[in-house]
Amino acid sequence: MKTLIRQATIIAMGGPEGDAPFTGDILIEGNAIAAIGRDLGAHPDATVIDGRNRLAMPGLVNGHLHSSEQFFKGRYEKMPLEVWLLYAYPLLMGPQIPERLLYLRSMLVAIESLRGGVTTICDCFFDPPIFSIERLGTVFQAYGDAGIRANVTNSVINIPVLDTLPHAREIMPAELQKLLDGGAMITGKAYADYCEAAFRAFDGGGGGRLRYMVSPSAPQRCTIDLLEACSALAISHDVPFHTHVLETKTQAVTGHEIFGKTLIRYMHDLGVLTRNVTIAHSVWVSDEDMALMGAADCSVVHNAISNQKLGAGVAPLRRLIDAGVNIGLGTDGASSNDTLRIFDVMRVAALIHAASGPDYARWLGASDILKAATIGGAHTAMLDRQTGSLEAGKRADLILLDTDNSIYTPMNDPRKHVVFGENGSSLRLVMVDGEIVFRDGRLTTVDEAEIYREVREAVPAWLAEHRAVEDRNRVFEPHMAEIHRRATTTDIGLDRYAGDMPAWPGTNR
Ligand SMILES: [Zn+2]
């Protein structure tokens, strides 16, 4: 089957034009881009899509999200990470979510992503305490059914939470500590066996659209044998070692208090800071950390909105880029962001770094952001040979935006309209792997109304159970707040907060 997009405004993000917009044609054959150029001539055997008043660009990449938060949008606010985690990822857990809700939750992620022009997602979901191949299969099933490209992983933690936070053992009362300790934790070997089974069962599914990746939650939350096992798996399967590092100041203090070094230096010294490593956040990294990350050729997924929702600070993005670190964009979960719209993340990321200082030559611009949202993001997913740019031979993952509206009229630089003006409302067509999955307001792969109906019917009862779980965890909140307060008053020689919010009472910060 052939499709020819005729005379669209194209931002290819690769090939001879780079990100420079031009008017041209795109020929799609099967699941791949067969040709792209200013005039490909007539192809009588192709279905023609009129590209006039359309902007064609690569599908967006959401380099970091957690489907486990999808039912929590619009639920929390005004909490830093360490406090919010108590409710979104409760320490005293409830039962695992029923299988059908697991499917619906993942399907909502796919629907929202495709409706926002995202063709590739990296889903790092949590499903403790049991690692189940069947339940992982349910998540893959949803992404397979929706027709999205997805890297999926079931994230792992095997260190008791109180040993991952600075001063937690001093601050948390003994009777509460007892509630959190105990219970066998998964070993590196057992997680590796689980991952090998997951690679066999799912990696390469959906005609190559679906990949399994490994995800140690964070270096301070995993034993050394587990980090080493994850690193070996990522390298041998050529997939990301997808992790969280230095999102908050509390985590920066964790490195100094627990390991006597930064968490990046800790990963480096263990030999697990490799080119397979994709780091979500990277807000509180030091100059030396950035140099190590650049030398290792690793990637960062920048979650500009989530970092502000959780008050984590502003990541030093220009300096990471200067250090040679590849950058992608992520929404993070739908609870620390409330949407999965990468267009929103693009706009915020394009604006917030100007708050870092007056040297405007170093502010981020539309080209930096477009790169991070497409080919840079594909690189963070280790999928840059398949997707992220419109080039002959690559998989046909693309979007068409309508430019016959107020966002693009009059047209100046299309790149700047997309980054500073687009909110997703211009989206007319989404193609993943050569298949049109969204067109003129409707997903072609999923009965959305039926999914929403089932969610509205089934999820409130589950959320009521979750409210009971939240209530049981509230007892920890004052102590988590104190851990946060104590860590954020510690001087670690760098500051990632913007603005001049008054210090905590009686301290400098
Ligand atoms: Zn995250």
Side-chain angles (χ1 to χ4, degrees), residues 61-73 75-77 79-91 105-106 109 112-113 118 120-128 139 150-157 161 164-165 213-222 227 230 240-252 254 263-264 267 277-285 298-315 317 320 327-342 344-345 348-349 372 377 380-381 484 496:
V61 177
N62 189 344
H64 182 68
L65 66 85
H66 305 284
S67 58
S68 18
E69 292 172 32
Q70 194 65 17
F71 293 159
F72 297 153
K73 51 171 57 181
R75 191 170 182 89
Y76 306 114
E77 64 171 348
M79 286 189 270
L81 177 84
E82 286 75 17
V83 174
W84 166 80
L85 283 171
L86 276 178
Y87 304 111
Y89 296 89
L91 293 177
R105 199 172 71 177
S106 313
V109 166
E112 186 174 358
S113 299
V118 169
T120 299
I121 57 172
C122 296
D123 179 14
C124 172
F125 77 107
F126 281 79
D127 194 32
V139 176
N151 278 5
V152 180
T153 186
N154 188 339
S155 202
V156 63
I157 291 174
V161 63
T164 69
L165 292 164
M213 60 179 180
V214 293
S215 178
S217 172
Q220 75 277 16
R221 297 177 188 146
C222 299
L227 293 171
C230 289
F241 172 113
H242 189 97
T243 190
H244 297 81
V245 189
L246 290 167
E247 175 174 359
T248 64
K249 185 168 180 186
T250 300
Q251 293 173 3
T254 295
L263 292 173
I264 293 290
M267 289 176 71
V277 170
T278 292
I279 292 172
H281 307 302
S282 181
V283 177
W284 290 85
V285 284
C298 67
S299 285
V300 161
V301 178
H302 177 47
N303 301 279
I305 292 181
S306 171
N307 290 159
Q308 307 324 311
K309 181 97 192 283
L310 296 174
V314 181
L317 219 64
L320 285 162
I327 305 292
L329 297 180
T331 55
D332 214 353
S335 174
S336 66
N337 185 310
D338 297 271
T339 85
L340 301 180
R341 284 195 297 271
I342 285 291
D344 290 0
V345 177
V348 170
T380 70
H484 164 73
R496 298 278 179 257

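Atoms within a ligand are numbered from 1 in the order they appear, just like the ligands themselves. All values reported here derive from a predicted model rather than from experimental measurement. Numbering starts at 1 and runs along the sequence shown.
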Run the ring-ring contact (aromatic ring centres under 6.0 Å, His included) test against Y87 and tell me which residues pass, sequence neighbours left out.
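Here no residue qualifies.
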Expected output: side-chain [X] to main-chain [Y] donor-acceptor under 3.5 Å:
X    : Y    : result
D332 : N337 : no
T278 : S299 : no
R496 : V283 : yes
K309 : Y76  : yes
W284 : T250 : no

Near the Zn ion (ligand 1) (under 2.8 Å) - protein N, O or S atoms
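N, O, S partners closer than 2.8 Å: H64 NE2, H66 NE2, H244 NE2, D332 OD1.
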